[in-house]
Amino acid sequence: MNEDKEIIRDFWNYRSQKFDKSPGHYTASKEEEEAWKGLLRSKLDDAEKILDIGSGTGFLSLMLADMGYEVVGIDLSEEMIARASSKAKERGLSIDFHQDDAENLGFENNSFDAIVNRAVIWTLPHPDIAVREWMRVLRPGGKLCFFLHVPRNEREDTLQKQVLNLWILLSERRNPWRTLGSKGQAVNLPYNGGVKPGVIVDLLKSVGYSHVFAEPMHEIETLKSRRMPYPYRISHGHGQFCYTAEKPKED
Ligand SMILES: C[S@@+](CC[C@H](N)C(=O)[O-])C[C@H]1O[C@@H](n2cnc3c(N)ncnc32)[C@H](O)[C@@H]1O
């Protein structure tokens, strides 16, 4: 593992400890969970074997396994993997979680009917290499479906952000100012802070995906924000988009 990847892995190992305390990292109501499942079902359709890349503590993997899909979850952080595995065990779900790198996967070509991920591309040093690698392990006609936030509004009140950080410090008992690279280690993450949908659509098309679409996630965001603690709600500048694409079928 190169030095950048070690920094990224160490950050997520640290972050895994309180990851599930952040309101964006779990479904806060049955309605929200059903909305996620409905969205996933509509995008993944007749897929059977699904790879969740950067599975974290299992947000997508657990839902997909519960829906009856065969799920493999990979993550760079072994501590995220340990947490996801223990949640799967508690729920009686069988999911193959193991450590791997989104930019250099240990799978054969054409191994999966679908690939999913959420909030992962921003934390990769080479998103272009990653999306090519994902195409390699997808079968022809296989679906890519992922979720990613757009950049914060540049004019967002920094006071709101600081209020939120204080609230996180007190309620989640973690240091919100510790972010990737904040310990003086420079990691170049081209999409850190979020990406505009047009950039992702162009990226996916440029590496050869077909049927590329980007859609805002209004329903889920409305359901989520209703249950968010107030400091999160007023500072919630990150809209999420759902991206879908297909690996072209062979002639
Ligand atoms: C913001 S978290 C999202 C976790 C999960 N997908 C979710 O929606 O809750 C980003 C995840 O990507 C993982 N990650 C970062 N770089 C990775 C890489 N190169 N390969 C695999 N996973 C990676 C991190 O360890 C972390 O679990």
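Each residue takes its place number in the sequence, starting with 1. Indexing begins at 1, ligand by ligand and atom by atom, following the structure's order.
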Review point. Counting from 1, what ligand 1 atoms have a heavy atom of Phe59 closer than 4.0 Å?
Key: 7 (C), 8 (O), 9 (O)
Check your understanding: If you measure every N/O of Gly54 against every N/O of ligand 1, is any gap under 3.5 Å?
Key -> yes
Review point. Are Trp12 and Glu78 linked by a side-chain donor-acceptor pair shorter than 3.5 Å?
Key: no
Review point. With a cut-off of 4.0 Å, which atoms of ligand 1 are near a heavy atom of Phe19?
Key: 2 (S), 3 (C), 4 (C), 9 (O)
Check your understanding: What part of Phe147 sits under 4.0 Å from ligand 1 if we count only heavy atoms: the side chain, the backbone, both or neither?
Key -> neither
Practice item. Please could you name the atoms of ligand 1 that Asp100 approaches to less than 4.0 Å, counting only its heavy atoms? Key: 20 (N), 21 (C)
Review point. Are the side chain of Asn13 and the backbone N or O of Glu79 linked by a donor-acceptor pair below 3.5 Å?
Key: yes
Review point. Ion pair present between Arg136 and Glu133, side-chain N to carboxylate O less than 4.0 angstrom?
Key: yes
Review point. Taking the non-hydrogen atoms of His25, is any one of them nearer than 4.0 angstrom to ligand 1?
Key: no
Check your understanding: Counting each atom of ligand 1 from 1 as listed, which ones have a heavy atom of Asp101 under 4.0 Å away?
Key -> 18 (C), 19 (N), 20 (N)
Point to revise | Under 3.5 Å: N/O of Arg118 near N/O of ligand 1 | key: yes
Point to revise | Ser55 contact mode with ligand 1 (heavy-atom cut-off under 4.0 Å) | key: backbone
Check your understanding: At a 4.0 Å cut-off, with the gap strictly under it, does some heavy atom of Ile8 reach an atom of ligand 1?
Key -> yes
Check your understanding: Centre of Phe19's six-membered ring, under 6.0 Å away, within 45 degrees of the axis: is that where NZ or CZ of Arg83 sits?
Key -> no
**Study point:** For atom 15 (C) of ligand 1, the protein heavy atom that lies nearest, with its residue and separation
**Key:** Thr123 CG2, 3.7 Å
Exercise for review: Tell me yes or no: between the side chains of Asp96 and His98, is some donor less than 3.5 Å from an acceptor?
Suggested key: yes
Exercise for review: Run down the list Ser77, Pro125, Gly58, Ala102 and name the one with the heavy atom closest to atom 18 (C) of ligand 1.
Suggested key: Ala102
Practice item. Report the residue from Asp52, Asp75, Asp66 that forms a side chain to side chain donor-acceptor pair (under 3.5 Å) with Ser61. Key: Asp52
Review point. Yes or no on side chain to side chain contact (heavy atoms under 4.5 Å, CB included) for Lys21 and Arg174, after CA distance, side-chain angles and deciding distance?
Key: CA-CA 10 Å; Lys21 288 200 178 297; Arg174 70 174 170 95; over 6 Å; no
Check your understanding: Thr57 near ligand 1, heavy-atom distance under 4.0 Å?
Key -> no
Point to revise | Closest candidate by heavy atom, reference atom 25 (O) of ligand 1, pool Asn13, Asp75, Asp52, Leu76 | key: Asp75
Check your understanding: By number and element, which atoms of ligand 1 are closer than 4.0 Å to a non-hydrogen atom of Ala119?
Key -> 1 (C), 2 (S), 3 (C), 10 (C)
Practice item. Within a distance under 4.0 Å of any heavy atom of Met80, pick out the atoms of ligand 1 and give their elements. Key: 27 (O)
Revision key, fill the gap. Near Leu124 (heavy-atom distance under 4.0 Å), the atoms of ligand 1 are 16 (N), 17 (C), 18 (C), 19 (N)
Exercise for review: Take Trp177 and Gln162 through the test side-chain hydrogen bond (donor to acceptor under 3.5 Å, both in side chains) and record every step on the way to the result.
Suggested key: CA-CA 10 Å; Trp177 290 277; Gln162 296 308 326; 3.2 Å; yes
Practice item. Report, as yes or no, whether the 6.0 Å neighbourhood of atom NE2 on His25 holds more than 12 heavy atoms from other residues, nucleotides or ligands. Key: yes
Exercise for review: Applying side chain to side chain donor-acceptor pair (under 3.5 Å) between Asp113 and each of Lys49, Arg139, Lys143, report the one that passes.
Suggested key: Arg139
Exercise for review: Kindly confirm or rule out an N or O of Glu103 lying under 3.5 angstrom from an N or O of ligand 1.
Suggested key: no
Review point. Which heavy atom of Leu148 sits nearest a heavy atom of Val120, and at what distance?
Key: CD1-N, 4.3 Å
